[in-house]
Novice: 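Please find one structure pasted underneath; my questions will follow.
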Amino acid sequence: MNTTKEEITAGNSPAVRGTAAGRILMLATAVLWGLAGVCVKSIGWGTMSVVAARSVISLVMLLIVKRTVKVRITFWNVMGAVMMSATGMLYVQSIKLTTAGTAIVLQYIAPILVLLFAVLFQHRRVKISELLITAAVFGGIVLSFADDLDATHVMGNILGLASGFTFAGQIIIMNRPDTDSEDSLLISCFLSLIISLPFVFFDQNLVFDVKNIVWVLILGVFQYGLANVLFGFGIQKVDKVEASLILTIEPIFNPIPVAIFCGEKMGPLAIIGFAIVIFFVTLFGLLPKIEAKLNSRKA
């Protein structure tokens, strides 16, 4: 699964630009991850019970793909797992406390954080256009955060924003050539299960009816298990900044099934903030093509 270090670090290599297969895998990942809102909102269990159930299902799927329980315990494999586990738990709890649309758009501060990391630590040259887009995205996130500020929503918004930081860490670490994404995913499932399992025994909402079981299976098999398998393969085939931008398909898709199946609607400020974030993050992804066309016309 791992791309060689030479492929990643070569400035004009296909791995840096991203392969078509990698982009397709990341796109499929984004759509499947986008089912999180409707699944979590439809399951009546507590957050940790949801995390435990999807961790078990995902663990089984990953073991089938990997065909072994052996994992390499390295610093970066473990750090990738920690970031992924934290992202999952923070995001699920955020969905429980605020609207699914607000939770996901707050998490998508991640592309900006990935860009800042590349600028500060990998000496990537930042452009004025990127700075302006970053400011616009930040403004959209502030609007989404400020929508419907009661105590419950504020905590949900804080957790959603925190998941954006851990999600950025997940993308950065699992994009490293010395990180094995399969091993990180497996360690993440074990870690999430160990942390969440004790809480299951105290969950008064743990009811095994048909509705809960169906949505838990969808969550575990498709939204988390299959999605993370695809993410593990895809993140090694595209540049981390490009990957974070492709994954912005998730917040576009996420609120749609929630509105259809749960009747949940975002507030006016959240909708405006949502639109701003999606527009400017998408524009950021198109900047290279726009600049290439402008340069070709000048030439």
Side-chain angles (χ1 to χ4, degrees), residues 28-64 84-107 147-148 150-153 155-157 159-160 163 185 188-231 249-267 270-271 274:
T29 298
V31 172
L32 290 173
W33 275 351
L35 295 173
V38 67
C39 290
V40 173
K41 289 289 186 183
S42 300
I43 299 169
W45 302 351
T47 296
M48 288 303 188
S49 296
V50 173
V51 171
R54 77 173 190 174
S55 296
V56 170
I57 296 171
S58 180
L59 184 59
V60 171
M61 293 183 66
L62 288 170
L63 288 174
I64 291 173
M84 178 168 280
S85 296
T87 299
M89 286 184 278
L90 288 169
Y91 181 49
V92 170
Q93 184 60 40
S94 176
I95 293 174
K96 289 285 188 181
L97 297 177
T98 189
T99 64
T102 300
I104 190 59
V105 79
L106 290 171
Q107 187 183 80
D147 190 74
D148 199 7
D150 60 65
T152 301
H153 279 81
M155 181 55 65
N157 293 350
L159 294 176
S163 74
L185 288 167
S188 172
C189 287
F190 277 116
L191 183 61
S192 296
L193 184 58
I194 291 170
I195 293 173
S196 61
L197 191 58
F199 294 90
V200 174
F201 300 102
F202 301 97
D203 186 356
Q204 298 179 351
N205 297 315
L206 192 63
V207 178
F208 292 93
D209 56 17
V210 174
K211 178 184 176 183
N212 283 330
I213 292 173
V214 168
W215 282 110
V216 164
L217 288 174
I218 294 172
L219 180 72
V221 174
F222 296 102
Q223 190 277 329
Y224 201 66
L226 180 58
N228 284 339
V229 170
L230 296 179
F231 176 81
I249 297 297
E250 181 187 357
I252 297 174
F253 174 70
N254 187 297
I256 298 173
V258 179
I260 294 172
F261 290 97
C262 305
E264 181 181 87
K265 297 180 180 179
M266 298 167 64
I271 292 173
F274 178 92

Novice: Please name the pair of heavy atoms, one in Ile104 and one in Glu250, separated by the smallest distance, quoted to 0.1 Å.
Specialist: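 Nearest pair, atom of Ile104 first, then Glu250: CD1-OE2, 3.2 Å.
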Novice: Calculate, to the nearest 0.5 Å, the distance between atoms CZ and CG belonging to Arg54 and Leu217 respectively.
Specialist: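 CG of Leu217 is found 14.5 Å from CZ of Arg54.
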Novice: At what distance, to the nearest 0.5 angstrom, does CD1 of Ile218 lie from CD1 of Ile213?
Specialist: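 It is 12.5 Å, given to the nearest 0.5 Å.
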Novice: To the nearest 0.5 angstrom, please state how far the CG atom of Leu59 sits from the CG atom of Leu193.
Specialist: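 If we round to the nearest 0.5 Å, Leu59:CG and Leu193:CG are 7.0 Å apart.
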Novice: How far does CE of Met48 sit from CD1 of Ile195, to the nearest 0.5 angstrom?
Specialist: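 Going from CE on Met48 over to CD1 on Ile195, the span is 7.0 Å.
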Novice: Using the side-chain contact (heavy atoms from CB on, under 4.5 Å) rule, pick out the option among Thr87, Val50, Ile43 that qualifies with Val92.
Specialist: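 Only match with Val92 under side-chain contact (heavy atoms from CB on, under 4.5 Å): Val50.
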Novice: Is the shortest heavy-atom distance from the side chain of Cys39 to the side chain of Tyr224 under 4.5 Å?
Specialist: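 When only atoms from C-beta onward are counted, Tyr224 and Cys39 do not touch, as no gap falls below 4.5 Å.
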Novice: Please lay out, stage by stage, how Leu219 and Leu35 fare under the test side-chain contact (heavy atoms from CB on, under 4.5 Å).
Specialist: CA-CA 7 Å; Leu219 180 72; Leu35 295 173; over 6 Å; no
Novice: Are side-chain heavy atoms of Val229 and Leu62 found at a separation under 4.5 Å?
Specialist: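 The answer is yes, as the side chains (C-beta and beyond) meet within the 4.5 Å cut-off.
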Novice: Just verifying a value: how many Å separate Trp33 CH2 and Asn254 CG, rounded to the nearest 0.5 Å?
Specialist: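 Atom-to-atom, Trp33:CH2 and Asn254:CG are 12.5 Å apart.
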Novice: Looking at every heavy atom in both Gly225 and Ser58, which two are closest together, and how far apart are they?
Specialist: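 Scanning both residues completely, I find the closest heavy atoms to be CA-OG, 3.6 Å.
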Novice: Might you point out which heavy atoms bring Ala28 and Leu230 nearest each other, and give the distance in Å?
Specialist: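 Between these two residues, the closest heavy atoms are CB-CD1, 3.8 Å.
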Novice: Compare every heavy atom of Val258 with every heavy atom of Gly37, then report the nearest pair and how far apart it is.
Specialist: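 Closest pair (atom of Gly37, atom of Val258, distance): C-CG2, 3.5 Å.
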Novice: Check Gly220 against Met61 and note the closest heavy-atom contact, atom names and distance.
Specialist: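 Taking Gly220 first and Met61 second, the nearest heavy atoms are O-SD, 4.1 Å.
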Novice: Taking all non-hydrogen atoms of both residues into account, name the closest pair between Gly156 and Leu97 and its distance.
Specialist: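 Scanning both residues completely, I find the closest heavy atoms to be CA-CB, 3.6 Å.
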Novice: Working note: Glu264 + Thr99, criterion side chain to side chain donor-acceptor pair (under 3.5 Å); need CA distance, chi angles, decisive distance, verdict.
Specialist: CA-CA 7 Å; Glu264 181 181 87; Thr99 64; 4.7 Å; no
Novice: Is the closest side-chain donor-acceptor distance between Ser188 and Ser85 under 3.5 Å?
Specialist: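 Judged by distance alone, the side chains do pair up.
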Novice: Are the side chain of Gln107 and the backbone N or O of Tyr91 linked by a donor-acceptor pair below 3.5 Å?
Specialist: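 No; judged by distance alone, with no hydrogens or angles, the pair does not exist.
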Novice: Taking Ile95's backbone N and O only, do any of them form a donor-acceptor pair with Lys41's side chain (distance below 3.5 Å, no angle check)?
Specialist: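 Present.
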Novice: Is it true that a side-chain atom of Asn212 and a backbone atom of Phe208 form a donor plus acceptor pair closer than 3.5 Å?
Specialist: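 Judged by distance alone, no pair lies under 3.5 Å.
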Novice: Between the side chain of Thr29 and the main-chain N/O of Phe231, is any donor-acceptor distance below 3.5 Å?
Specialist: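 Yes: the side chain of Thr29 pairs with the backbone of Phe231.
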Novice: How far does OG of Ser196 sit from CG of Asp203, to the nearest 0.5 angstrom?
Specialist: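 Between Ser196 OG and Asp203 CG, I get 11.0 Å after rounding to 0.5 Å.
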Novice: Val40 and Trp215: side-chain contact (heavy atoms from CB on, under 4.5 Å), yes or no, with the steps?
Specialist: CA-CA 8 Å; Val40 173; Trp215 282 110; over 6 Å; no
Novice: Ignoring hydrogens and angles, tell me if any N or O in the side chain of Ser55 forms a donor-acceptor pair with the backbone of Val51 under 3.5 Å.
Specialist: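 Yes.
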Novice: Would you confirm whether Trp45, through its side chain, and Val207, through its main-chain N or O, come within 3.5 Å as a donor-acceptor pair?
Specialist: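 At least one qualifying donor-acceptor pair exists.
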Novice: In sequence, state the C-alpha distance, the side-chain angles, and the governing distance for His153 and Thr102, and then conclude on side-chain contact (heavy atoms from CB on, under 4.5 Å).
Specialist: CA-CA 9 Å; His153 279 81; Thr102 300; over 6 Å; no
Novice: Quick check on Phe253: does its CZ atom have over 12 non-hydrogen neighbours (other residues, nucleotides or ligands) under 6.0 Å away?
Specialist: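 Check passes, neighbour count above 12.
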Novice: Heavy atoms, side chains only, cut-off 4.5 Å: are Ile57 and Val216 in contact?
Specialist: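 Of all side-chain heavy-atom pairs linking Val216 with Ile57, at least one is under 4.5 Å.
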